[in-house]
Number of protein chains: 2
Amino acid sequence: MKIRNDYTCPLEIVHDIIKGKWKTIIIFQMRSASVSLSDLEKSITGISQKMLLQQLNELRQFGLVDKENAPGYPLHVDYYLTERGQRILKAIEIMQEVGIDYMVEHQLTDILDQKGICYRK
Amino acid sequence: MKIRNDYTCPLEIVHDIIKGKWKTIIIFQMRSASVSLSDLEKSITGISQKMLLQQLNELRQFGLVDKENAPGYPLHVDYYLTERGQRILKAIEIMQEVGIDYMVEHQLTDILDQKGICYRK
DNA sequence: CCGTATCCGATCCGATACTG
DNA sequence: CAGTATCGGATCGGATACGG
């Protein structure tokens, strides 16, 4: 992804930052600890390795995510949220609540039960 | 847009809710009052009427926005955020701060000055 | 002022195969 | 385990024209 420099408002950047099918989910999965690529791949249902890598790289370009190569073999890379990434995470957590709200309203709570996500009403 | 019912996690819904080039901006522009279509069109640089309508309708499907036809002539329709829309707005405001942060870091503050958006550092 | 329809290029993303 | 490359269908969004 080519980084632009002709943005006309801050939310235009935000769109570039979080656009794509998987970005919010990826960020959310990094909420509590740094993770390896394969950990992420396992925890996100339906994502392909290609998309995972691609979107992680875009998140890195915007400074939300960083990575660090652990020494030794087999190869191991830790991905983690930067301070900026953690700020976006706050927003994502709020939006997730709205998503849950929507699922409750539309009787889609099976998945919530299944994943052990709590909700009320 | 066809509403799905096979979501596998709340953030998948969130993605459907806010995806598209203009959704976050539209929601943000409705933050303080209900607005007419033409007001929105004027306040959002670069948007076409088609996209504005389309994305407003999607927001309505997800229950973030509602509209009300004002009586009288010429026709006038008020669009406004629902309670759910206002919750998403909270998230968008946080993300906007991150966008501003990014602009400051990349010396893109001209637009901020121009729009009278305040920032520090 | 409000809303819908069509055409068409640009972009996204899934599948798949391959390298270190 | 980590990462790159390509191909093709689906979707997105801009331009434009038209109707209530």
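It should be emphasised that the depicted structure is a prediction, and the values quoted were computed from it without experimental measurement. Protein chains get the first letters and strands the later ones, always in sequence-line order, with residue 1 at the start of each.
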Task: Side-chain N or O of A:Lys21 closer than 4.0 Å to phosphate OP1/OP2 of D:dA10 - done: no
Open item on the list: What is the separation between atom CG on B:Asn69 and atom C1' on C:dC2, rounded to the nearest whole Å?
Closed with: 9 Å
Open item on the list: What's A:Leu37 touching, base or sugar-phosphate or nothing? Going by heavy atoms closer than 4.0 Å.
Closed with: sugar-phosphate
Task: Rounded distance in Å - CD (A:Glu41) to P (D:dG3) - done: 12 Å
Open item on the list: Can you work out whether A:Ile47 or A:Tyr73 has the more 5'-proximal nearest nucleotide on DNA chain C?
Closed with: A:Ile47
- [ ] Indicate the atoms forming the closest heavy-atom contact of A:Ser36 with A:His76, along with that distance.
- [x] CB-CE1, 3.5 Å
TODO: Measure the spacing between OG1 of A:Thr82 and CZ of A:Arg87 and express it to the nearest 0.5 Å.
DONE: 9.5 Å
Task: Atom pair distance, as rounded to whole Å: OH in B:Tyr79 and C1' in C:dC2 - done: 8 Å
Open item on the list: Please determine whether a side-chain nitrogen or oxygen atom of B:Asn57 lies at a distance below 4.0 Å from atom OP1 or OP2 of C:dG3.
Closed with: no
Open item on the list: Counting only side-chain nitrogens and oxygens, does B:Gln54 get under 4.0 Å of the OP1 or OP2 atom of C:dG3?
Closed with: no
Task: A:Gln49 side-chain N/O to C:dA15 phosphate OP1/OP2 under 4.0 Å - done: no
TODO: Give the rounded distance in Å between these two atoms: CG of A:Leu75 and P of C:dT19.
DONE: 17 Å
Open item on the list: Assess whether a salt bridge exists between B:Arg84 and A:Glu105, defined as any Lys/Arg side-chain N lying under 4.0 Å from an Asp/Glu carboxylate O.
Closed with: yes
TODO: Mind calculating the distance between CD (B:Glu68) and P (C:dC2) to the nearest angstrom?
DONE: 14 Å
Open item on the list: On DNA chain C, compare the nucleotides closest to B:Ser38 and A:Trp22; which residue's is nearer the 5' end?
Closed with: B:Ser38
TODO: Specify the separation, in whole Å, of atom NZ of A:Lys19 and atom P of D:dC12.
DONE: 13 Å
- [ ] State yes or no: do A:Tyr80 and A:Leu40 share one hydrophobic cluster built from I, L, V, M, F, W and Y residues joined by side-chain heavy-atom distances below 4.5 Å, directly or via other members?
- [x] no
Open item on the list: Tell me whether the side-chain N or O atoms of B:Lys50 pair up with the base of D:dG14 as donor and acceptor below 3.5 Å, since no angle test is needed here.
Closed with: yes
- [ ] Considering non-hydrogen atoms only, spot the tightest contact between B:Met103 and B:Leu112 and give its length.
- [x] SD-CD2, 3.8 Å
Task: Distance in angstrom units between B:Met51 CE and C:dC7 C1', rounded - done: 15 Å
Task: For atom NE2 of B:His76 and atom P of C:dC1, their distance in whole Å - done: 10 Å
